[in-house]
Visitor: 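Got a structure here, written out as structure tokens. Questions coming.
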Amino acid sequence: MTRLKRFVILMLCAAMLLPGCARGEMKRYSASFLGVFDTVTAVVGVSEDMEVFRATAQRISDELTVYHRLYDIYHTYDGMNNLCTVNQMAGVEPVQVDRRIIDLLLFCREMSQATGGLVDVTWGSVLCLWHDARTYSINDPENAYLPDLAALEEAAQHTGFDKIIIDEEASTVYITDPMTRLDVGAVAKGYAVEQVARTLPEGMMLSVGGNVRVTGHNLLTGEAWTAGVQDPEGTDSDYLHVVKLDGVSIVTSGDYRRYFTVDGTRYGHIIDPDTLYPGTLWRAVCILVPDSGVADALSTALYLLPRQEGQQLLERFGAEAMWMAPDGEAFYSPGFEKYIK
């Protein structure tokens with residue numbers, strides 16, 4: 001049995017375990033599963049029928065699995081051309097792909113333009129060098145190393161959306177430069193969460209590795225769902241704030257999960273295109289905005305920007321943010337604190 005099949009329904013209402021529980025009464029249920037986007041997915045919702053919730057949760061799992069496979073840059077799958085296939089055919093020929101890949105790349109192009117290239121999925125050749133260094137260094141910390149600067153500079157020459165031809169009519173993607181690679185890690189998870197959430201019933205909460213998107217309020221309480229903003233210096237259950245998800249999704253980017261250490265210095269996974277090195281302005285940035293895909297992209301962009309420039313970008317998208325500085329001080333956009341419970 002694969003990890004994707006280890007699907008577990010957790011009944012949070014203990015009454016459902018007792019004989020004679022009345023059918024038709026609204027109950028709260030939760031489901032969790034592993035595998036999609038290499039993280040844990042949690043679904044919470046309210047229903048009068050456990051089987052209805054179970055079916056909805058299974059549909060979410062199935063749909064996210066498809067998105068995961070389409071956007072995977074490391075593996076191919078039988079009967080499917082995905083982004084790994086597109087990368088493999090760079091400089092060779094166009095690849096016919098599912099419309100969901102076309103839509104993602106069009107969205108990514110828009111976000112690249114909006115963020116001045118800070119969120120650019122064509123930087124896979126650079127990110128690959130950092131990915132390899134991080135993986136090796138975590139597994140063998142005594143021999144931890146940083147990517148060679150000359151190699152990073154060479155890889156940076158093979159970036160940019162001018163090297164990506166998207167033919168919507170033919171549903172093809174062609175990377176014209178054989179050295180260019182796509183890496184959609186900064187956007188794909190949030191984008192997929194957004195697309196799936198738009199098909200869900202009212203009153204659900206979907207969390208994929210911390211990318212949280214709700215569909216309305218908690219139908220049992222009539223109040224907004226809530227989510228915690230993790231303390232970068234604490235454990236997974238240590239929160240700086242609990243935030244009301246009143247019409248917004250929440251995404252946080254930081255240096256406290258995916259990082260490695262060389263000579264006592266921490267190197268995160270969010271790479272600044274200007275320096276070719278991980279950003280160091282902030283420990284973490286938390287974004288609140290209705291669209292989860294936009295939230296994903298903005299969390300990366302604001303992590304690399306000074307606060308005033310980040311605020312200008314927030315205003316363009318009607319978003320709010322919380323910045324956590326390396327010294328532990330927190331800063332807020334003007335409308336963020338109204339969401340704090």
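Only a predicted model underlies this, so the values are computations on that prediction, with no experimental measurement involved. Numbers here are sequence positions counted from 1.
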Visitor: Any side-chain donor-acceptor pair under 3.5 Å between Asn82 and Thr85?
Guide: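 Checked: Asn82/Thr85 side chains pair up, N/O donor to acceptor below 3.5 Å.
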Visitor: Just by distance, with hydrogens left out, do Gln312 and Gln308 show a side-chain donor and acceptor under 3.5 Å apart?
Guide: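 Checked: Gln312/Gln308 side chains show no N/O donor-acceptor pair below 3.5 Å.
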Visitor: Would you find a donor on one side and an acceptor on the other, under 3.5 Å apart, between the side chain of Asn81 and the backbone of Val97?
Guide: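 A pair under 3.5 Å: no.
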Visitor: Is there a side-chain contact (heavy atoms from CB on, under 4.5 Å) between Thr300 and Leu118 once you walk through the steps?
Guide: CA-CA 8 Å; Thr300 296; Leu118 289 176; over 6 Å; no
Visitor: Got more than 12 heavy atoms from elsewhere within 6.0 Å of CG, Asp327?
Guide: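 Count over threshold, so yes.
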Visitor: Can you check whether Tyr145's main-chain N or O pairs, donor with acceptor, with Ser137's side chain at less than 3.5 Å?
Guide: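 Yes; at least one donor-acceptor contact below 3.5 Å.
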Visitor: For the atom pair CG (Leu70) and CG (Leu83), what is the distance rounded to the nearest 0.5 Å?
Guide: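 Separation between the atoms: 8.0 Å.
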Visitor: Can you name the side-chain hydrogen bond (donor to acceptor under 3.5 Å, both in side chains) partners of Asp98, sequence neighbours left out?
Guide: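 Result, side-chain hydrogen bond (donor to acceptor under 3.5 Å, both in side chains) vs Asp98: Arg100.
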Visitor: Please walk me through it: do Val289 and Val248 pass side-chain contact (heavy atoms from CB on, under 4.5 Å)?
Guide: CA-CA 5 Å; Val289 71; Val248 294; 5.8 Å; no
Visitor: Ignoring hydrogens, what is the shortest heavy-atom contact between Met111 and Ala297? Give both atom names and the distance.
Guide: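 Smallest interatomic distance, heavy atoms only, reads CE-CB, 3.6 Å.
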Visitor: State plainly whether one hydrophobic cluster holds both Tyr277 and Leu304, where clusters connect Ile, Leu, Val, Met, Phe, Trp and Tyr through side-chain heavy atoms under 4.5 angstrom apart.
Guide: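 Per the 4.5 Å side-chain linkage, Tyr277 and Leu304 are not co-clustered.
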Visitor: Counting N and O atoms only, with roles assigned by atom type, does the side chain of Ser299 sit under 3.5 Å from a partner on the main chain of Asp296, one being a donor and the other an acceptor?
Guide: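 Yes, Ser299 side chain to Asp296 backbone: donor-acceptor pair under 3.5 Å.
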Visitor: Is Val126 linked to Val262 within one hydrophobic cluster, defined over Ile, Leu, Val, Met, Phe, Trp and Tyr using a side-chain heavy-atom separation of less than 4.5 Å?
Guide: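 Yes, it is one cluster - the side chains of Val126 and Val262 are joined through contacts under 4.5 Å.
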Visitor: Does Lys163 offer a backbone N or O that forms a donor-acceptor pair with the side chain of Thr176 under 3.5 Å?
Guide: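 Yes; judged by distance alone, with no hydrogens or angles, the pair exists.
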Visitor: In Å, rounded to the nearest 0.5 Å, how long is the span from CG of Leu288 to OG1 of Thr252?
Guide: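 So the gap between those two atoms works out to 8.0 Å.
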Visitor: Closer than 3.5 angstrom, by distance alone: can the side chain of Thr215 be matched with the main-chain N or O of Pro201 as a donor-acceptor pair?
Guide: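 Flag set: sc Thr215 to bb Pro201 pair under 3.5 Å.
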Visitor: Take Ile250 and Tyr339 through the side-chain contact (heavy atoms from CB on, under 4.5 Å) test and state the conclusion after the steps.
Guide: CA-CA 11 Å; Ile250 183 171; Tyr339 291 96; over 6 Å; no
Visitor: Shortest non-hydrogen contact from Ala188 to Leu104?
Guide: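 Closest approach of Ala188 to Leu104, heavy atoms only: CA-CD1, 4.3 Å.
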Visitor: Would you check, one step at a time, whether the test side-chain contact (heavy atoms from CB on, under 4.5 Å) holds for Met205 with Leu245?
Guide: CA-CA 9 Å; Met205 179 167 64; Leu245 301 181; 4.3 Å; yes
Visitor: Mind listing the closest non-hydrogen atom pair of Leu220 and Lys27 along with its distance?
Guide: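 Closest approach of Leu220 to Lys27, heavy atoms only: CD1-C, 4.2 Å.
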Visitor: If I compare all heavy atoms of Glu320 with all of Phe336, which pair ends up nearest, and what's the gap?
Guide: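 Where Glu320 meets Phe336 most closely, the heavy atoms are OE1-N, 3.4 Å.
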Visitor: Show the nearest heavy-atom pair for residues Pro290 and Glu194, with the distance to one decimal.
Guide: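 Reported closest heavy-atom pair: O-OE1, 3.7 Å.
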Visitor: Would you say Val43 and Val52 are hydrophobically clustered, going by side-chain heavy atoms of ILVMFWY under 4.5 Å?
Guide: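 Val43 does not cluster with Val52.
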Visitor: Are Asp103 and Gln195 close enough that some pair of their side-chain heavy atoms sits under 4.5 Å apart?
Guide: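 No, their side chains stay 4.5 Å or more apart.
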Visitor: For the atom pair OG (Ser61) and CG (Leu34), what is the distance rounded to the nearest 0.5 Å?
Guide: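 One gets 10.0 Å once the value is rounded to the nearest 0.5 Å.
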Visitor: What's the separation between atom CH2 in Trp123 and atom OG1 in Thr180, rounded to the nearest 0.5 Å?
Guide: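 Nearest 0.5 Å value for the CH2-OG1 distance: 11.0 Å.
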Visitor: Please assess Gln311 against Glu315 for the test side chain to side chain donor-acceptor pair (under 3.5 Å), listing each intermediate value before the final yes or no.
Guide: CA-CA 6 Å; Gln311 181 61 49; Glu315 292 169 1; 3.3 Å; yes
Visitor: How long is the span from the CZ atom in Phe331 to the CE atom in Met322, to the nearest 0.5 Å?
Guide: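 Reported to 0.5 Å precision, the distance equals 10.5 Å.
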Visitor: Using modelled atom types and a 3.5 Å cut-off, is there a donor and acceptor pairing between side-chain atoms of Thr39 and backbone atoms of Val208?
Guide: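 The answer is no, because no donor-acceptor pair under 3.5 Å joins these two groups.
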Visitor: State whether Arg283 and Glu233 are salt-bridged, where the test is any N-O pair (Lys NZ or Arg NE/NH1/NH2 against Asp/Glu carboxylate O) under 4.0 Å.
Guide: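 A salt bridge links Arg283 with Glu233.
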Visitor: For Lys341 and Lys244, which heavy atoms make the closest approach, and how far apart are they?
Guide: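 So the minimum-distance heavy-atom pair works out to CB-CG, 4.1 Å.
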Visitor: Within this structure, what is the CG-CZ distance for the pair Leu298 and Phe317, rounded to the nearest 0.5 Å?
Guide: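 Rounded to the nearest 0.5 Å, the CG-CZ separation comes out at 5.5 Å.
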Visitor: Take Arg198 and Asp291 through the salt bridge (Lys or Arg N to Asp or Glu O under 4.0 Å) test and state the conclusion after the steps.
Guide: CA-CA 10 Å; Arg198 290 177 181 181; Asp291 188 301; 3.0 Å; yes
Visitor: Does Met204 share a hydrophobic cluster with Tyr29, counting links as ILVMFWY side-chain heavy atoms below 4.5 Å and allowing steps through other members?
Guide: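 Yes; tracing contacts between hydrophobic side chains, which count when under 4.5 Å, links both residues.
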Visitor: Classify the side-chain pair Ser292/Ser249 by whether it contains a donor and acceptor separated by less than 3.5 Å.
Guide: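 No - no donor-acceptor pair under 3.5 Å links their side chains.
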Visitor: Going by side chain to side chain contact (heavy atoms under 4.5 Å, CB included), Ile166 matches just one of Ile101, Leu105, Thr172. Which one?
Guide: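 Per the side chain to side chain contact (heavy atoms under 4.5 Å, CB included) rule, the option paired with Ile166 is Leu105, out of Ile101, Leu105, Thr172.
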Visitor: Do Leu206 and Thr41 have side chains that get closer than 4.5 Å, going by heavy atoms?
Guide: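 Yes - at least one pair of side-chain heavy atoms lies under 4.5 Å apart.
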Visitor: Tell me whether Leu182 shares a hydrophobic cluster with Ile270, the cluster being built from Ile, Leu, Val, Met, Phe, Trp, Tyr side chains joined at under 4.5 Å.
Guide: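 Same cluster.
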Visitor: Taking everything shown except Met89 itself, do over 12 heavy atoms lie less than 6.0 Å from its CE?
Guide: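 Counting neighbours around CE of Met89, more than 12 heavy atoms of other residues, nucleotides or ligands fall under 6.0 Å, so yes.
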Visitor: Could you check whether the rings of Trp282 and Trp323 sit parallel, tilted or perpendicular, using 30° and 60° as the cut-offs?
Guide: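 Rings of Trp282 and Trp323: tilted, 30 to 60°.
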Visitor: With no hydrogens and no angle check, is any side-chain donor or acceptor of His68 less than 3.5 Å from a backbone partner on Phe37?
Guide: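 Confirmed, His68 side chain pairs with Phe37 backbone.
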